[in-house]
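Please read the structure below before turning to the comments.
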2 protein chains.
Amino acid sequence: MPAAIRPLEEVLDLLLETFTSDGYDGASLARISEVTGLGKSSLYHHFPRGKVEMITKVLRHLEQQLEQALFAPMRTKESPKKKLDAMLATIDAFYAGGKKACLLERACASVDRAQFRRPLQHVFLVWIAALESLCLEAGVPPDAAKSRAQDALVRIEGALVLAAAINDTAPFRRALDQLRSSLLSK
Amino acid sequence: MPAAIRPLEEVLDLLLETFTSDGYDGASLARISEVTGLGKSSLYHHFPRGKVEMITKVLRHLEQQLEQALFAPMRTKESPKKKLDAMLATIDAFYAGGKKACLLERACASVDRAQFRRPLQHVFLVWIAALESLCLEAGVPPDAAKSRAQDALVRIEGALVLAAAINDTAPFRRALDQLRSSLLSK
DNA sequence: GTCTATACGTGGATAGAC
DNA sequence: GTCTATCCACGTATAGAC
């Protein structure tokens, strides 16, 4: 596979951004073409199955980003508490303090979600697993760790929805604060 | 305004259902026509501004439904605890135990959301206000009541998103359980 | 109020030259 | 790998008869 003019990585970053802000349905090929600087034919060269293939690869790309930015730091030898704080700071920055939407949530609500259900679900499951590990490491009882992890994502996603809907980032900031103080408590 | 063949109320119920399951973007006029049994022209007779007017009226309709089913019962003389339990049971049924999506969340993620931002925001604010009142009545400190109310919606919306994404209603059931046990605590 | 027919734009997707 | 040009389906929306 010869190197493309614009590295695929970079294209995926742009697609991630576009799908996040415009939604999967709202991101038209015309818009995507504009954003990436690639003509439609070029896009179909890289993604023969069209938009479905784009979002699928974007989801994998996002998963890799999360792996590097969130999950990998959680496997270091730092104290769980410090790792939690670091993770929350990263999340805070990633969602611009609650001003930015979440690609995952947007994708869940899209018309064609059935066509990329699996990769979408996978990102959530990986994220939950990472949080569960952290809980276990901090001494949270095994039968409670998974629920805790799921509930953390519930709060993050829900807070992003509400913050956008009422145009107030307070719910998001509180959600992170609450996770900071209670996710790892026994 | 002469009575329509099919009462407008009933049409709005059908639209609510369709927008919820298919999303605003995914609900095409063809589909809406099919579901309601009204031809496209009839739809434009009732909703001259098209889909935007439909969703706007559906949101108002939903607000009235919530008023009757959720908010009005909260203003009775029952104990706050009993009223909370009743509300959670209604919510549980409304979202089919976490299997059904939330129109509000779907609408938030739609392409044309800017065109019905206000009515959408209004439903959230009314709901939050109702929860806040209940908190205050139960003796939750005034400076905490609003946050509590917002956080309750965060959990409900977030749980619906996650439950759908990972195809597991457990997060939703837990969210309601947690609200039952902690929303009104001091 | 409802219907049939249709206009018009834009969506995703392709063909074929370079 | 990228471009221009184009296809077709479907989207919303409208016209005009009944």
Side-chain angles (χ1 to χ4, degrees), chain A residues 1-16 18-59 106-107 109-117 119, chain B residues 1-16 18-59 106-107 109-117 119:
Chain A
M1 182 161 64
I5 295 208
R6 191 191 283 266
L8 186 61
E9 286 281 304
E10 200 176 318
V11 171
L12 288 178
D13 278 334
L14 293 167
L15 288 180
L16 173 58
T18 307
F19 280 132
T20 300
S21 60
D22 298 356
Y24 176 78
D25 300 314
S28 68
L29 282 186
R31 175 75 183 141
I32 292 171
S33 176
E34 196 181 307
V35 166
T36 58
L38 293 170
K40 292 187 186 180
S41 300
S42 305
L43 289 171
Y44 275 92
H45 175 76
H46 293 292
F47 308 95
R49 290 187 308 136
K51 276 177 75 174
V52 173
E53 185 162 353
M54 291 183 205
I55 186 72
T56 303
K57 292 199 169 144
V58 164
L59 287 170
R106 282 283 161 90
S110 81
V111 178
D112 299 328
R113 58 189 178 280
Q115 292 183 262
F116 44 85
R117 205 192 179 306
Chain B
M1 180 161 68
I5 294 210
R6 193 191 279 270
L8 185 61
E9 285 281 303
E10 198 176 318
V11 171
L12 288 177
D13 278 334
L14 292 167
L15 288 179
L16 173 58
T18 306
F19 280 133
T20 301
S21 60
D22 298 356
Y24 177 78
D25 300 315
S28 68
L29 281 189
R31 175 76 183 139
I32 291 171
S33 176
E34 196 181 308
V35 166
T36 58
L38 294 169
K40 293 186 186 181
S41 300
S42 305
L43 290 171
Y44 274 93
H45 174 75
H46 294 291
F47 308 96
R49 290 187 309 136
K51 275 177 73 174
V52 173
E53 187 163 352
M54 292 182 207
I55 186 72
T56 303
K57 291 199 170 147
V58 164
L59 287 170
R106 283 284 160 88
S110 80
V111 177
D112 299 327
R113 59 190 177 280
Q115 292 183 263
F116 43 86
R117 203 190 180 304

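Order of the sequence lines sets the chain letters (A, B, ...), proteins ahead of strands, with each chain counted from 1.
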Whole-Å distance separating the [atom1] atom of [X] from the [atom2] atom of [N]:
X	N	atom1	atom2	answer
B:E53	D:dA13	CD	P	11 Å
B:E34	D:dG11	CD	P	11 Å
A:L29	C:dG11	CG	P	9 Å
A:D25	C:dG12	CG	C1'	13 Å
B:K51	C:dG9	NZ	P	20 Å

So which protein nitrogen or oxygen atoms get under 3.5 Å of nucleotides 14-18 of chain D's nitrogens or oxygens?
| unit_1 | atom_1 | unit_2 | atom_2 | d |
| --- | --- | --- | --- | --- |
| D:dA15 | N6 | B:S41 | OG | 2.6 |

Excluding sequence neighbours, so at least two apart, what forms ring pair (Phe, Tyr, Trp, His ring centres under 6.0 Å) with B:Y44? none
Which of C:dT2, C:dG11, D:dC3 is nearest the side chain of B:S42? It is C:dT2
Nearest-neighbour nucleotide for the A:S28 side chain, D:dG1, C:dG11, C:dT2 considered: C:dG11
Residues forming a side chain to side chain contact (heavy atoms under 4.5 Å, CB included) with B:T36, sequence neighbours excluded: B:V11, B:L14, B:L15, B:I32, B:L38, B:L43
Apply salt bridge (charged side-chain N to carboxylate O under 4.0 Å, His left out) to [X] and list each qualifying residue two or more places apart in sequence or on a separate chain.
X	result
A:D22	A:R31
A:K51	none
B:E9	none

